[in-house]
Amino acid sequence: MEYSAPRGTQDITPDESGIWQYLEATVRETMARCGYGEIRTPIFEHTEVFERGVGTTTDIVEKEMYTFRDRGDRSITLRPEGTAPVIRAYVEHRMAARPQPAKMYYIGPMFRYERPQAGRFRQFHQFGMEVVGVPGPAADAEVIATPLEVFRALGIRDVVVNLNSIGCPVCRGAYREALRQVYQPVLAELCPSCQGRYDRNPLRLLDCKSEQCRASVPEPPPIFGYLCPECASHFAELRLLLDGLGIEYVINSRLVRGLDYYTRTTFEYNVGGIGSQDAIGGGGRYDGLVEQFGGQSVPGVGVACGMERCVLAMKAEADDSRFARGITVYLVSLGDAARAKAFELAFDLRAHGISADFDMIGRGLKAQMRYADKLSARYVAIIGDDELERGAVALKDMASGSQQDVPIAQLATQLLNNR
RNA sequence: GUGGGUGUAGCUCAGUUGGCUAGAGCAUCAGAUUGUGGCUCUGAGGGCCGUGGGUUCAAGUCCCAUCACCCACCCCA
């Protein structure tokens with residue numbers, strides 16, 4: 001019986017981990033440059049964190065969570081998203097008493113019980129950022145713009161930014177009623193899930209893509225006519241900030257998103273070429289969430305990006321050779337004495353910060369050369385009986401094929417100089 | 001949760017109307033006059049043909065079930 005990784009999970013093998021490390025390094029570098037500190041929250045939380053944070057009417061909470069009872073009979077859930085835990089931590093650690101705003105980022109695995117497909121997994125990874133304590137649109141703009149910096153650094157082109165405002169509790173009530181008026185006459189023709197949405201969460205009616213609903217529903221009015229003055233000016237200012245950065249975006253009045261905590265700004269990034277799951281990231285403002293967790297009324301904005309989808313997009317771009325690893329020098333040895341010397345020499349070079357590897361299984365010269373080539377070694381240093389006697393190695397540049405004798409004592413400095 | 005597709009070597013796939021010890025390319029390993037990689041050539045290892053049942057003299061091939069994977073819906077990252 002052979003085992004396989006559980007459904008919807010995958011191994012990232014050494015062949016794949018290079019691209020992941022590049023992605024992670026790019027995220028960390030960008031976040032640090034933008035003034036964000038990393039926060040690491042637990043992989044699992046009390047189930048209530050997500051029920052209260054994400055919202056009980058969401059698909060995530062209704063049918064996608066990995067929830068179980070632990071041995072103390074507590075209900076535990078593997079985190080399906082990152083924002084609720086971060087806000088829980090913000091309240092728990094009294095971060096409101098630290099310099100505001102709190103700017104945090106995270107990288108890590110998330111879990112949702114869904115049918116896997118291209119770009120969708122049961123264990124997947126996100127990087128995300130949260131700005132807590134900024135009521136104005138500068139935070140929204142930064143949170144929208146920063147992942148775009150990451151995408152650009154990764155070589156992901158043609159990212160489309162979809163942008164919307166879904167108002168606040170004040171203006172949303174009126175809009176909700178307006179939507180109900182539009183949908184009420186055609187209620188019987190709606191798809192089953194929309195019939196449920198009509199009562200529970202009319203805003204999500206906008207999100208439906210089913211042909212059935214498309215055909216029978218008249219175009220609903222955009223929310224913009226219903227926004228209260230504060231929400232309207234917040235949205236207008238945000239647009240000015242984005243315009244100032246030269247960021248192009250598409251106003252999409254149907255962009256609602258499936259988490260209950262959003263207020264005002266919502267947005268999503270889409271890319272082509274990675275299958276039908278083309279949302280590479282998304283986020284929005286959540287002004288009531290800190291209060292939900294028992295904190296003061298502190299506003300927040302955040303974004304989360306799917307790393308598997310980033311990897312797909314990176315691979316869709318032509319040149320992925322830059323993610324490959326390679327060592328600086330491979331030590332080819334001939335005979336037992338030379339092999340022992342190569343072993344010592346490898347550790348000596350490594351101690352100098354040079355990546356070096358050597359033959360461990362006593363292969364022939366040709367086989368060692370082939371292996372060095374497959375490792376993409378930049379140099380090969382050959383040690384045989386002659387070289388042992390002279391205290392030197394034959395150093396070969398694998399790209400040019402040129403070769404020279406180098407005294408062993410000078411090998412490290414020579415390699416460092418050639419860099 | 002719903003629908004469609006696919007399961008043969010590590011990978012990508014051939015395999016005739018059911019019929020000999022199941023093949024190819026790539027990959028791995030070893031060689032091609034004894035100390036030099038990529039190109040070429042030779043050879044080797046590696047398969048319970050996803051699993052279980054059925055039909056048949058005979059099943060990789062036909063039937064049923066099951067599992068897994070892929071894609072899509074839904075929703076999201």
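Remember, predicted model here, so these are calculated numbers, not experimental data. All chains are named by letter (A, B, ...) in the order of the sequence lines, taking the proteins before the strands, and each is independently numbered beginning at 1.
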Could you work out the separation of B/rG46 and B/rA9 based on their P atoms and round it to a whole Å?
15 Å
Looking at A/Phe347, does the NZ or CZ of A/Arg350 lie under 6.0 angstrom from its six-membered ring centre and within 45 degrees of the ring axis?
yes
For A/Tyr106, does the six-membered ring have the charged nitrogen or CZ of A/Arg40 within the cation-pi criterion, i.e. under 6.0 angstrom from the centroid and within 45° of the normal?
no
State yes or no: are the ring centers of A/Tyr249 and A/Phe267 separated by less than 6.0 Å?
no
Taking 4.0 angstrom as the limit, do A/Arg120 and A/Glu308 come out as a salt bridge?
no
P-based separation of B/rA65 from B/rG5 [nearest Å]:
14 Å
Between atom CZ in A/Phe124 and atom P in B/rC75, what is the gap in whole Å?
17 Å
Under 3.5 Å for both donor-acceptor distances, Watson-Crick or wobble: does B/rU36 have a partner, and if so which one?
none
Strictly under 3.5 Å: I want the nitrogen or oxygen pairs between protein and nucleotides 68-70 of chain B, one per line.
{"unit_1": "B/rC69", "atom_1": "OP2", "unit_2": "A/Arg7", "atom_2": "NE", "d": "2.8"}

Using the P atom in both, what is the distance from B/rC62 to B/rC71, to the nearest Å?
26 Å
Parallel, tilted or perpendicular for A/Phe358 and A/Phe343, by the 30°/60° rule?
perpendicular
Do we get A/Arg363 above A/Tyr371's six-membered ring, with its NZ or CZ under 6.0 Å from the centre and within 45° of the axis?
yes
Polar atom pairs between nucleotides 31-38 of chain B and protein, under 3.5 Å, N or O only, would you list them?
{"unit_1": "B/rG35", "atom_1": "O6", "unit_2": "A/Asp386", "atom_2": "OD2", "d": "3.2"}
{"unit_1": "B/rG35", "atom_1": "O6", "unit_2": "A/Glu387", "atom_2": "OE1", "d": "3.2"}
{"unit_1": "B/rG35", "atom_1": "N1", "unit_2": "A/Glu387", "atom_2": "OE1", "d": "3.0"}
{"unit_1": "B/rG35", "atom_1": "N1", "unit_2": "A/Glu387", "atom_2": "OE2", "d": "2.9"}
{"unit_1": "B/rG35", "atom_1": "N2", "unit_2": "A/Glu387", "atom_2": "OE2", "d": "2.9"}
{"unit_1": "B/rU36", "atom_1": "O2", "unit_2": "A/Lys396", "atom_2": "NZ", "d": "3.1"}
{"unit_1": "B/rU36", "atom_1": "N3", "unit_2": "A/Gln403", "atom_2": "OE1", "d": "2.9"}
{"unit_1": "B/rU36", "atom_1": "N3", "unit_2": "A/Gln403", "atom_2": "NE2", "d": "3.3"}
{"unit_1": "B/rU36", "atom_1": "O4", "unit_2": "A/Gln403", "atom_2": "NE2", "d": "2.5"}
{"unit_1": "B/rG37", "atom_1": "O2'", "unit_2": "A/Asp373", "atom_2": "OD2", "d": "3.4"}
{"unit_1": "B/rG37", "atom_1": "N7", "unit_2": "A/Lys396", "atom_2": "NZ", "d": "3.3"}
{"unit_1": "B/rG37", "atom_1": "O6", "unit_2": "A/Met398", "atom_2": "O", "d": "3.4"}
{"unit_1": "B/rG37", "atom_1": "N1", "unit_2": "A/Met398", "atom_2": "O", "d": "2.3"}
{"unit_1": "B/rG37", "atom_1": "N2", "unit_2": "A/Asp373", "atom_2": "OD1", "d": "3.1"}
{"unit_1": "B/rG37", "atom_1": "N2", "unit_2": "A/Met398", "atom_2": "O", "d": "2.9"}
{"unit_1": "B/rG37", "atom_1": "N3", "unit_2": "A/Asp373", "atom_2": "OD1", "d": "3.3"}
{"unit_1": "B/rG38", "atom_1": "O4'", "unit_2": "A/Asp373", "atom_2": "OD2", "d": "3.3"}

Is the shortest distance from a Lys or Arg side-chain nitrogen in A/Glu268 or A/Arg257 to a carboxylate oxygen in the other one below 4.0 Å?
yes
Record whether the side chain of A/Arg257 comes under 3.5 Å of the base of B/rC75 through a donor-acceptor pair of N or O atoms.
no
Under a 4.0 Å N-O cut-off, is there an ion pair linking A/Asp373 with A/Arg370?
no
C1' atom, B/rG52 versus B/rC70: distance in rounded Å?
23 Å
With a 4.0 Å cut-off on N to O distance, would you call A/Glu29 and A/Arg33 a salt bridge?
yes
Kindly write out the residues that satisfy ring pair (Phe, Tyr, Trp, His ring centres under 6.0 Å) with A/Phe151, not counting sequence neighbours, or none if the list is empty.
A/Tyr269
Do A/Glu130 and A/Thr83 pair up side chain to side chain, a donor and an acceptor below 3.5 Å, judged on atom types alone?
yes
Round to a whole Å and report the spacing from CD of A/Glu62 to C1' of B/rC74.
13 Å
Watson-Crick or G-U wobble partner of B/rG7, both distances under 3.5 Å
B/rC67
Using whole Å, what does the distance between atom P of nucleotide B/rC74 and atom CZ of A/Arg112 come to?
17 Å
So, with a heavy-atom separation below 4.0 Å from RNA chain B, the residues of residues 34-47 of chain A are none
Report the residue from A/Leu411, A/Val393, A/Leu345, A/Leu415 that forms a side chain to side chain contact (heavy atoms under 4.5 Å, CB included) with A/Val329.
A/Leu415
Before you tell me yes or no, could you show the steps for A/Ser253 and A/Asn164 under side-chain hydrogen bond (donor to acceptor under 3.5 Å, both in side chains), namely the whole-Å CA-CA distance, both residues' side-chain angles and the distance that decides it to 0.1 Å?
CA-CA 6 Å; A/Ser253 62; A/Asn164 192 25; 5.6 Å; no
Suppose you measure atom P in B/rC69 against the same atom in B/rC64; what distance do you get, rounded to whole Å?
23 Å
Starting at atom CE of A/Met129, determine the distance to atom P of B/rA77, rounded to an integer number of angstrom.
16 Å
Heteroatom pairs (N/O) under 3.5 angstrom, protein to nucleotides 44-46 of chain B:
none

Rounding to an integer number of angstrom, what distance separates B/rU61 and B/rC49 when you compare their C1' atoms?
10 Å
Please give the nucleotide sitting opposite B/rG1 as a Watson-Crick or G-U wobble pair, both distances under 3.5 Å, or none.
B/rC73
Report the distance from atom CD of A/Glu114 to atom P of B/rC74, rounded to the nearest whole Å.
13 Å
Only one of A/Arg52, A/Arg74, A/Arg88, A/Arg79 passes salt bridge (Lys or Arg N to Asp or Glu O under 4.0 Å) with A/Glu45; say which it is.
A/Arg88
Given atom CD1 of A/Ile361 and atom C1' of B/rU28, what is their separation to the nearest angstrom?
12 Å
Sidechain N-carboxylate O distance under 4.0 Å for A/Asp397, A/Arg378:
no
Centroid-centroid distance, A/Tyr262 to A/Tyr286, less than 6.0 Å
no
Please give the distance between the P atoms of B/rG23 and B/rU16 as a whole number of Å.
14 Å
Listed pairs, N/O of protein and of nucleotides 5-12 of chain B, under 3.5 Å:
none

How many Å lie between CD on A/Gln10 and C1' on B/rA77, as a whole number?
13 Å
A/Leu375 CG - B/rU28 P separation (whole Å)
11 Å
